[in-house]
Amino acid sequence: MNRNQIKALLHADHPQTQVLIKGWVRTRRNSKDFSFIEINDGSCLGNMQVIAGADLFNHDQIDRLTTGSAVSVTGSLVASQGKEQQWEIQAHRIDVISMAPESFPLQKKRHSDEYLRSIAHLRPRTNKYGAVFRIRSDLSYAIHTFFQQRGFKYVHTPIITGSDCEGAGEMFRVTTLDLNAVPRTGGHVDYSLDFFAKEANLTVSGQLSAEMLALSLGNVYTFGPTFRAEDSNTRRHAAEFWMVEPEMAFCGLEQNMDLAEEMIRYLVLYAIENCAEDLELFARFVDKTLPAALQNIVDEKFVRLPYCEAVDILSKSGNHFEFAPETGQDLQTEHERFLTEVHFKKPVIVYNYPKTIKPFYMRLNDDDLTVAAMDVLVPGIGEIIGGSQREERLEVLERRMDEQGLNKENYWWYLDSRRYGSVEHSGFGLGFERLIMLITGISNIRDVTPFPRTPKNIEF
RNA sequence: UCCCCAGUAGCUCAGUCGGCAGAGCAAGUGGCUGUUAACCACUGGGUCCGCGGUUCGAGUCCGUGCUGGGGAGCCA
């Protein structure tokens, strides 16, 4: 007999004489002649209440079942006499697969997020983290659905890259050299003896590769891990995270913003419609304003605000900022928060940033001062998407690389795409964990990642 | 990397002016009960983060290190 998922049984529309569930004991309450055992198998938030009578051959053992133990239960699915649940299982047989000793760290009470991070291997067995990781799965699926429905091709860009600079922060070195005996020539490390015979790093973005595929397949997207070796210690940064990066040929900034907005709205709506039970938990225990915040994203059109107007609004706001807003300077976190949380109270797309604060590949505007960049800012999280129209004009691109002190030879293949059939194209990167934070209301990226990697933290 | 805060029982925390180490929950034992984070009673449980210092005496004051959290920068 195959095991039934508890999710399916809880949604049953009629009693069943013979069912089999397997899962972990969340709690046990002994009664005079029987025990109530609540079992969770991870298929959904809800537990299945099992009635274990004294007639079970091993009822002595069942009476002592501990939280965290694994069991297999066969019995009949019957309407519950209790008020808190519709169905329960009258057990015919309960096999203890594995009894958890009293040292099991998860108790039948609320634990702090900090404590649960220290037992990251067990926290998926809690209601909250089980819900987070189910939503991660559902939203991953939704991302593929969104793009596939629109004719985008899913492409796989390299994890290990030879580009020695992509302008997106510190990188993790990849090497097979013996770090205790690094070969040197003239005082410098001799990478010709390394695995790839040149320096290699973990990718900080699939964008440059994705552009090549967009300029052949049309519309593409990547969805994969990304690595940043920044010593960032904040609740919204991780050294390893997942990023969604669409890239579209024959596409300008306007359409790029259209897609970003449509995608976020689609994903939030998908969660509302498909993850209702789990979302309800976050609305109850994590953030009471969550349902309204999500509905706001679905209903309200995103504000589109040129960078210079953003600075203007901030300057004239009368609000005191630690750093005064100033044209030519990047927006501070406090500025972004003011725009999304105080001034507009909805997502804001800021675009046309000064060229001096943005990377070489963003398309130079006709004013020669700004580039066709856009950041999607959302309340509570800040920047969730960063993107741009890409510079497709070879001579402009080369000039920008010179200005930023980049070695063009390292980008010969990237520049080739501007030599042969170059076209207008655009794309952006969505931080997947930040999306999950937005949708669950969870405020720390370490709590939406099963095994988070942050500075000085790689225990699990 | 910088600024701020915290570290006391398995967990969450209190600990007054420097003077005997505490509570709730959890665990163990017993009782009660179609229960709902079940309930009631009893019992056990401490490297007060580490090191150094001040003091008759330090969980408490000082120095330092480590760990965790919040904020900033970097960014998705």
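Naming: A, B, ... by sequence-line order, numbering from 1 per chain.
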**Item:** Residues Asp41(A) and Lys22(A) bridged, charged N to O under 4.0 Å
**Value:** no
**Asked** Distance between the P atoms of U29(B) and G68(B), in whole angstroms?
**Response** 36 Å
**Message:** Need one value for Glu88(A): base, sugar-phosphate or nothing, where a base atom within 4.0 Å counts as base even if backbone is also close, heavy atoms only.
**Reply:** base
**Prompt:** With rounding to whole Å, what would you report as the distance between C49(B) and G10(B) at their P atoms?
**Reply:** 13 Å
**Prompt:** Looking at residues 440-455 of chain A, who's got a heavy atom less than 4.0 Å off RNA chain B?
**Reply:** Asn444(A), Ile445(A), Arg446(A)
**Prompt:** Hey, are Glu383(A) and Arg236(A) close enough for a salt bridge, meaning a charged N less than 4.0 Å from a carboxylate O?
**Reply:** no
**Asked** Base, sugar-phosphate alone, or nothing: which one does Phe241(A) contact when heavy atoms must sit under 4.0 Å apart?
**Response** base
**Message:** So for Ser232(A) and C74(B), does any side-chain atom that can act as donor or acceptor lie under 3.5 Å from a complementary atom in the base?
**Reply:** yes
**Asked** Does A37(B) pair with anything, Watson-Crick or G-U wobble, both distances under 3.5 Å, and if so, with which nucleotide?
**Response** none
**Under 4.0 angstrom between Thr333(A) side-chain N/O and G73(B) OP1 or OP2** = yes
**Prompt:** Is a donor-acceptor pair below 3.5 Å formed from side chain His237(A) to base C75(B), judging by atom type as modelled?
**Reply:** yes
**Rounded distance in Å - CD (Gln329(A)) to P (G73(B))** = 12 Å
**Request:** Indicate yes or no: does Lys128(A) engage Asp447(A) in a salt bridge with an N to O separation below 4.0 Å.
**Result:** no
**Item:** Basic-acidic side-chain contact under 4.0 Å: Arg93(A), Asp55(A)
**Value:** no
**Prompt:** Which is true for Gly82(A) with a 4.0 Å heavy-atom rule: it touches a base, it touches only sugar-phosphate, or it touches nothing?
**Reply:** base
**Message:** Using Watson-Crick or G-U wobble geometry with both distances under 3.5 Å, which nucleotide pairs with G24(B)?
**Reply:** C11(B)
**Prompt:** When the P atoms of G69(B) and C13(B) are considered, how many whole Å apart are they?
**Reply:** 14 Å
**Item:** Within 45° cone of Phe34(A) ring axis and under 6.0 Å: Arg29(A) NZ or CZ
**Value:** no
**Sugar-phosphate only, base, or nothing, as touched by Phe34(A) at under 4.0 Å among non-hydrogen atoms** = base
**Request:** Compare side-chain N and O positions of Arg117(A) against OP1 and OP2 of G69(B) and report whether any pair is under 4.0 Å apart.
**Result:** yes
**Counter-base of G59(B), judged by Watson-Crick or G-U geometry with both distances under 3.5 Å** = none
**Message:** Using atom P in both nucleotides, what's the gap between G59(B) and U54(B) to the nearest angstrom?
**Reply:** 16 Å
**Message:** Base of U35(B), side chain of Gln49(A) - is there a donor-acceptor contact under 3.5 Å?
**Reply:** yes
**Message:** Please give the distance between the P atoms of A27(B) and U64(B) as a whole number of Å.
**Reply:** 43 Å
**Prompt:** How far does CD of Glu309(A) sit from CD1 of Ile313(A), to the nearest 0.5 angstrom?
**Reply:** 6.5 Å
**Message:** Tell me if the side-chain of Gln107(A) makes a donor-acceptor pair with the base of G10(B), cut-off 3.5 Å, by modelled atom types.
**Reply:** yes
**Message:** How long is the straight-line distance from OG1 of Thr454(A) back to CD of Glu230(A), given to the nearest 0.5 Å?
**Reply:** 14.0 Å
**Request:** Name the closest nucleotide to the Phe36(A) side chain, picking from U36(B), U35(B), U67(B).
**Result:** U35(B)
**Prompt:** Rounded to the Å, how far apart are Lys32(A) NZ and G34(B) P?
**Reply:** 8 Å
**Prompt:** Do the side-chain N or O atoms of Lys108(A) get closer than 4.0 angstrom to the phosphate oxygens (OP1, OP2) of A38(B)?
**Reply:** yes
**Request:** If U47(B) has a Watson-Crick or G-U wobble mate with both distances under 3.5 Å, name it; if not, just say none.
**Result:** none
**Prompt:** Can you tell me how far P of U1(B) sits from CG of Asp231(A), to the nearest Å?
**Reply:** 5 Å
**Message:** I want to verify a distance call: between G34(B), G69(B), G24(B), whose nearest atom is closest to the Lys109(A) side chain?
**Reply:** G24(B)
**Prompt:** Does a side-chain N or O from Arg29(A) land closer than 4.0 Å to OP1 or OP2 of U35(B), or not?
**Reply:** no
**Message:** Under 4.0 Å, heavy atoms only, any strand: does Ile385(A) hit a base, just the sugar-phosphate, or nothing?
**Reply:** sugar-phosphate
**Prompt:** Just checking Ser80(A): base, sugar-phosphate only, or nothing, at a heavy-atom cut-off of under 4.0 Å?
**Reply:** base
**Request:** Considering just the side-chain nitrogens and oxygens of Arg236(A), establish if one lies under 4.0 Å of OP1 or OP2 belonging to A72(B).
**Result:** yes
**Item:** Pairwise P distance, C66(B) and G50(B) [rounded to whole Å]
**Value:** 16 Å
**Asked** Any side-chain N or O of Ser31(A) under 4.0 Å from OP1/OP2 of G34(B)?
**Response** yes
**Message:** Checking the side chain of Arg117(A) only, and the main-chain atoms of Arg446(A) only, is there a donor and an acceptor separated by less than 3.5 Å?
**Reply:** no
**Message:** Let's test your reading of the model: under 3.5 Å, does the base of U1(B) pair with the side chain of Asn233(A) as donor and acceptor?
**Reply:** yes
**Message:** Check whether Tyr129(A) forms a cation-pi arrangement with Arg125(A) (NZ or CZ under 6.0 Å from the six-membered ring centre, at most 45° off the ring normal).
**Reply:** no
**Request:** Give a yes or no on whether a donor-acceptor pair under 3.5 Å exists between the nucleobase atoms of C25(B), that is its base, and the side chain of Arg110(A).
**Result:** no
**Met243(A) or Gln332(A), whichever maps to the more 5' nucleotide of RNA chain B** = Gln332(A)
**Prompt:** What integer number of Å spans the C1' atoms of A38(B) and G31(B)?
**Reply:** 14 Å
**Asked** Which value, in whole Å, describes the distance between the C1' atoms of nucleotides G15(B) and G22(B)?
**Response** 7 Å
**Message:** For a quick test of reading the model: is some side-chain N or O of Thr234(A) closer than 4.0 Å to OP1 or OP2 of G71(B)?
**Reply:** no
**Request:** Once you apply the 3.5 Å cut-off to both distances, tell me the Watson-Crick or G-U wobble partner of A72(B), or none.
**Result:** U1(B)
**Request:** Apply the ring-ring contact (aromatic ring centres under 6.0 Å, His included) test between His144(A) and each candidate in Tyr266(A), Phe152(A), Tyr154(A); give the one that qualifies.
**Result:** Tyr154(A)
**Prompt:** Any donor-acceptor pair under 3.5 Å joining the side chain of Gln85(A) to the base of U35(B)?
**Reply:** yes
**Request:** For U67(B), give its Watson-Crick or G-U wobble partner with both distances under 3.5 Å, or none.
**Result:** A6(B)
**Item:** Member of Phe323(A), Phe344(A), Phe321(A) meeting the ring-ring contact (aromatic ring centres under 6.0 Å, His included) criterion with Phe338(A)
**Value:** Phe321(A)
